[in-house]
Structure formats: C-alpha cells, structure tokens
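Following: one structure in structure tokens, then a few remarks.
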Amino acid sequence: GENVEQHPSTLSVQEGDSAVIKCTYSDSASNYFPWYKQELGKGPQLIIDIRSNVGEKKDQRIAVTLNKTAKHFSLHITETQPEDSAVYFCAASWGGKLIFGQGTELSVKP
Amino acid sequence: GAVVSQHPSRVICKSGTSVKIECRSLDFQATTMFWYRQFPKQSLMLMATSNEGSKATYEQGVEKDKFLINHASLTLSTLTVTSAHPEDSSFYICSANQGGTGELFFGEGSRLTVL
C-alpha cells in the first residue's frame, strides 16, 4: 500500500522567515496531494493541494511543489507569522483514500 | 469551502457503555465519508470508509463489531463505539469528499474520553 513519510517532525522559525516541510510517497499511482493545517483540539483544514499534472501551485504565502519522478512534494510558507503555528499534515491519495504523513509541528516565534 | 459538522465535540462516558458520533455534510451531498482516529501528537489513521446505502469498508485491524458505522443518507454518517474501554479514548474525525474533486473536508473532531 501507500506510505507517506513527512519531515521534519518539528520546525521552529523566526517570524518572517520561510518554512519548508517535505513529504515522500511510495505509490506512483497517487495523483492528488493535499496539505492540511491542524490547530490544537480542532479538525484538519485544507490549506492547499496539488495534482499530478502540475509541478507547482501557489496561494499567497503558501506554495506546494511536486516532483513525480522522485515521488516527493513540499510545502513552502514564506513570511511566516505566529498564527501559522500549528501541526501540518501532508497526504497522498491512494485507492480513493488519503494516506497521511506523520505531521510537522511548526512553531513561529515572534 | 464545504462544511462538515461533527457532534458531539466532546464526550465522556463510563467503560462498557456505547457512544454515537454524528458526521454531517451541511452544504453538499457525500456518497462517501471517512472516519479517522487520532491519538495525541500522532497522525490521522483511517478507520473505515462509510458508503451511503451500503456497508462500511474497514481498514485492517479495525474491529467492525466494535466501531459500527451507518451511512443512512447522503448527508449523515454515524460512528458508534460499542462497549467502550479506556483504550478507545481518542480524537475521532470524520471527513467527506465533495463531488469528484478528491478534495476532502474534515469535521472539527470528537474527543472521546472513556473512564
């Protein structure tokens, strides 16, 4: 089955700096890669996604890149703000389901 | 984005009792909903796929007789934790797929504590 690996598990940056979170997946048939932000005690919220026919997608301060050959995709957050602090999960579609990475706890220090 | 509502958000029950959690898609019809379980500081683990009008599909290792799933309508799926034990204490989250886009929208989660 599909396996998704996510790194790093924790990430601490200064306000205004950039943050990068990386994920790799195992099944080349996966074609949909969403990223979720989860705040404490809440359900995950979709922040950006990318499909396998696109290499990069950007939405304001957030961007995602996909390398299908290498089977990895990354989340980039620029000009980080304290409110970006949360746990971020990557996921990959597999057989109609989503398989999640282990999560990255991002801390943005003012 | 689409709205998925879960109820209750928090529930505390005694060991041996059953607890029902509801998941509703408020502004779209969902033929498929998914139930996840999340332990503290861990990732989301898929428990089962809930299919409207048919039996749920359970992931390996998930007891179907313990976690009863009913998807009676296009906007409602329920998860019943039967004969709950302290080890069932967890954060249960549902999600629904809006149309054929593949986008998955999550409920706010239900925190179950079994005493």
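Below, chain A is the first sequence line, B the second, and so on; all start at residue 1.
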Worksheet entry | Interface moiety of B:Glu59 toward chain A, non-hydrogen atoms closer than 4.5 Å |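 For B:Glu59, side-chain heavy atoms alone lie under 4.5 Å from chain A.
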
Worksheet entry | Heavy-atom proximity to chain A below 4.5 Å, by part of B:Ile93 |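 Only the side chain of B:Ile93 comes within 4.5 Å of chain A.
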
Item to complete: Quick one: closest heavy-atom pair of B:Tyr58 and B:Ala48, and the distance?
Response: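 Nearest pair, atom of B:Tyr58 first, then B:Ala48: CD2-CB, 3.8 Å.
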
Worksheet entry | Distance-minimising heavy-atom pair for B:Ser83 and B:Ser18 |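 Answer, listing the atom of B:Ser83 first, then B:Ser18: N-OG, 3.4 Å.
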
Under 4.5 Å from a heavy atom of chain B, the part of [X] involved:
X        : answer
A:Glu105 : side chain
A:Pro34  : neither
A:Phe89  : side chain

Fill in: Over 12 non-hydrogen atoms of neighbours within 6.0 angstrom of NE2 in B:His85
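Yes, the 6.0 Å shell around NE2 holds more than 12 heavy atoms from other groups.
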
Worksheet item: Is there a side chain to side chain donor-acceptor pair (under 3.5 Å) between A:Glu2 and A:Ser26 once you walk through the steps?
Response: CA-CA 6 Å; A:Glu2 174 71 285; A:Ser26 60; 2.8 Å; yes

Worksheet item: Can a salt bridge be assigned to the pair B:Glu22 and B:Arg24 using a cut-off of 4.0 Å between side-chain N and carboxylate O?
Response: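 Yes, charged N to carboxylate O under 4.0 Å.
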
Worksheet item: Should the pair A:Asp27-A:Lys71 be classified as a salt bridge under the 4.0 Å nitrogen-to-oxygen rule?
Response: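 A:Lys71 and A:Asp27: not salt-bridged.
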
Worksheet item: Which one, A:Ala91, A:Gly103, A:Gly43, leads in non-hydrogen pairs under 4.5 Å with chain B?
Response: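 Between A:Ala91, A:Gly103, A:Gly43, the count favours A:Gly43.
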
Discussion item. Under a 4.5 Å cutoff for heavy-atom pairs, which residue among B:Lys41, B:Arg111, B:Gln42, B:Gln38 has the most contacts with chain A?
Written reply: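 Looking at each option in turn, the highest pair count goes to B:Gln38.
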
